[in-house]
Amino acid sequence: MKKYKIAIIKGDGIGPEIVDEAIKVLDAVSYACGFTLEYEDYLMGGIAIDVTGVPLPDETVSGVLNSDACLFGAIGGEKWDTLARELRPETGLLKFREAMGVYANLRPAIIYDELVNASTLKPEVIEGVDIMVVRELIGGIYFGQPRANDGQKAYNTMVYTKDEIIRISKQAFELAMKRDRRVCSVDKANVLEVSQLWRDTVEEVAKDYPEVELSHMYVDNAAMQLVRNPKQFDVILTGNIFGDILSDTASMVVGSIGLLPSASTGDKTAIYEPIHGSAPDIAGQGIANPIATIESAGMMLKYSLGESEAATMIDSAIKKALKEGYRTKDIAAYDAKHVVTTAEMGDVIANFINK
Ligand code: IPM
Ligand code: MG
């Protein structure tokens, strides 16, 4: 039987609750498809600070490097917000992404037919939306040096090298080839030098993909277009901070931030995580939506383990659960037949796989 080593990082807030449900579903699907998943837990974020004094223990880095893939929940919370920046949960996450070399963050935003009414946007605007945000993840203003804050003056540096832009652009064009063959590159080239280099470089890479239609959009316009007419987008290619913002917008297009999965891939172990945060305000109440994390587990099966059939089974089970009216609280306002807890949603999806 095939065996895979999966690193599990539950993190803080709702992290443990949603990851537990994804594991439940992974167990069901691995059993059904005849492969074994061996899980190993690692610490990161606030819990790592509490237990080890640092947000990203060395053990986590080496353990994940030795795994076939990493499933991650979420980190952060008020409790750790006043720590020095170096010690904050978010710094741990950024260092982790850097250590894994995961430069390409894929954030699909696909509307489930069953949930067209769950979005705050009109059904006719969002029906059929299928967007892939390709966000550069280990560069840009998140990582640029110098950076400082002396209490009177603070600054960060937005920097991209040509090589960094080339490698993320290639990912976007390769993905577009398997989709609708359209790439919209988002930047702020009317103001920023770094965006001008971004735009020029994307143009160069595009020459190797003559079948893909390339367009450019300024980020402010892109934010507007995403809610005005999201169906115009296929692949959105963008840098770290613009991708962070636009993917949250995309999540509301599809109805809830609890629905959007992501894959962070690069040269080493890939990380699979929901795009949402640790939501400390609802932690422990059993109301978090586990679907984004379960979908992330599906992406892990497909992209890192090559178990596409298992990934499809997860997808179908989620659709079936939604079709039969199972809803967590965040999406309960419309078409709900059964309003369920986090764990019940996991059970329902796992059971549909077993059938
Ligand atoms: C995300 C999150 C992170 C980011 C935070 C928690 C550092 O918002 O994954 O989108 O900004 O990348
Ligand atoms: Mg974000």
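Treat the numbers as computed from the prediction; the structure is a model and nothing was measured. Order of listing sets the numbers, starting from 1, for every ligand and every atom in it.
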Query raised in the report: Of all the non-hydrogen atoms in the protein, which one sits nearest to atom 8 (O) of ligand 1, and at what distance?
Result: Asp244 OD1, 3.2 Å
Report task. Give yes or no for whether the N/O distance cutoff of 3.5 Å, strictly under, is met between Arg107 and ligand 1. Result -> yes
Requested in this report: Kindly determine whether Glu295 and Ile318 satisfy side chain to side chain contact (heavy atoms under 4.5 Å, CB included), including the steps that lead there.
Outcome: CA-CA 8 Å; Glu295 272 290 356; Ile318 292 173; 3.5 Å; yes
Query - Protein heavy-atom partner closest to atom 5 (C) of ligand 1 - residue, atom, separation in Å - result: Leu93 CD2, 4.4 Å
Query raised in the report: Going by the order shown, which atoms of ligand 1 are within less than 4.0 Å of some heavy atom of Arg135?
Result: 1 (C), 4 (C), 9 (O), 10 (O), 11 (O), 12 (O)
Report summary line: One finds that the ligand 1 atoms under 4.0 Å from a non-hydrogen atom of Tyr142 are 4 (C), 11 (O), 12 (O)
Query - Identified side-chain contact (heavy atoms from CB on, under 4.5 Å) partner of Ile331 from the options Val339, Asn117, Leu322 - result: Leu322
Query raised in the report: Looking only at distance, does Glu273 have an N or O less than 3.5 Å from an N or O of ligand 1?
Result: no
Query raised in the report: Between the side chains of Gln196 and Asp200, is a donor N or O closer than 3.5 angstrom to an acceptor N or O?
Result: yes
Query raised in the report: Aromatic rings Phe96 and Phe72: how do their planes relate, parallel, tilted or perpendicular, breaks at 30° and 60°?
Result: perpendicular
Report task. Under 4.0 Å, heavy atoms only, figure out whether ligand 1 is touched by the backbone of Arg88, its side chain, both or neither. Result -> neither
Query - Centroid separation Tyr4 to Phe35 less than 6.0 Å - result: yes
Query - Other residues, nucleotides, ligands: >12 heavy atoms within 6.0 Å of Gln232 CD - result: yes
Query raised in the report: For Asp244, what is the atom name of its N, O or S atom nearest to the Mg ion (ligand 2)?
Result: OD1
